[in-house]
Amino acid sequence: MFSAEEIARRVSELGREITDRYRDGDLLVVGLLKGSAIFVCDLVRQIQRPLQIDFIAASSYGGGTASSGAVRLVYDPETRLEGRHILIAEDIVDSGRTLARLLEVLRSRSPASIAVCALLHKRIATQLQEPVRFVGFDAPAEFLVGYGLDHAEEYRHLPYIASI
Ligand code: IMP
Ligand code: MG
């Protein structure tokens, strides 16, 4: 679906967009594990301003290819969000349920701003009220794997993105 070269090109553009958008203040990039792990590592190296990195684990899929509904969040409650610009890095937005829940939890901790950067967006999110600020690619309504995305924990290591 997307080659390693296409991904690298787009991630570098996203890095420039993000660099331009955040002119001042403290920026904390929060990667949603595990899907965004590879994306975050590439993305932060294309952002040319000071930033810090953190991770949150969220899961809404079991071993299947359809969203199960319940979103489980595992994060470090010690991380200070107050007064900082929070940029959530997500691998793919499907129903939008994971992000909606995450935004609700993080907002309650008074960040200066909160935005989402998703590598892929299926554009079928019904559970998400607000737009995703930075989007890498529009994705087809198919199940994708590679570049961090898994099917039952397999395929994350592929350097490209493929449809199952
Ligand atoms: P949502 O809560 O329905 O938006 O689901 C978002 C999460 O489900 C993503 O962070 C992924 O981990 C996973 N997911 C959704 N679609 C896909 C896909 O096509 N391939 C792999 N994982 C997916
Ligand atoms: Mg996943």
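Quick note: numbers below take in every heavy atom, side chains included, and nothing from hydrogens, waters or symmetry partners. Just so you know, ligand 1 is whichever comes first in the structure, and atom 1 is the first atom listed for that ligand. Values in this document were obtained by computation on a predicted structure and should not be read as measured data.
- Residue Gly96 places at least one N or O, backbone or side chain, under 3.5 Å from an N or O of ligand 1.
- The shortest N/O to N/O separation between Phe143 and ligand 1 does not fall below 3.5 Å.
- How far CG of Leu14 is from CZ of Phe134: 8.5 Å, rounded to the nearest 0.5 Å.
- The proximity of Glu90 to ligand 1, defined as any non-hydrogen pair under 4.0 Å, is limited to the side chain.
- Ligand-side atoms of ligand 1 in range of Thr98: 1 (P), 2 (O), 5 (O), 6 (C), range being under 4.0 angstrom from any heavy atom.
- Heavy-atom contacts of Ser95 reach the following atoms of ligand 1: 1 (P), 2 (O), 3 (O), 4 (O) (cutoff under 4.0 Å).
- Residue-ligand proximity, Glu142 to ligand 1, at heavy-atom distances under 4.0 Å covers atoms 19 (O).
- Heavy atoms of Asp91 approach ligand 1 to within less than 4.0 angstrom.
- Every heavy atom of Gly35 sits 4.0 Å or more from the atoms of ligand 1.
- The residue Leu32 has no part lying near ligand 1, judged by heavy-atom distances below 4.0 Å.
- Side-chain contact between Leu149 and Leu120 is present, with at least one heavy-atom pair separated by less than 4.5 Å.
- Heavy-atom proximity to Lys122, at under 4.0 Å, picks out these atoms of ligand 1: 16 (N), 17 (C), 18 (C), 19 (O).
- One N or O on the side chain of Arg49 and one on the backbone of Tyr22 form a donor-acceptor pair closer than 3.5 Å.
- For Tyr147 and Tyr160, the ring centers sit 6.0 Å or farther from each other.
- If you number the atoms of ligand 1 from 1 as listed, the ones under 4.0 Å from a heavy atom of Ile92 come out as 6 (C), 9 (C), 10 (O), 11 (C), 14 (N), 15 (C), 16 (N), 17 (C), 19 (O), 23 (C).
- When each of Leu81, Leu102, Ile88 is tested with Ile114 by the rule side chain to side chain contact (heavy atoms under 4.5 Å, CB included), just one qualifies, namely Ile88.
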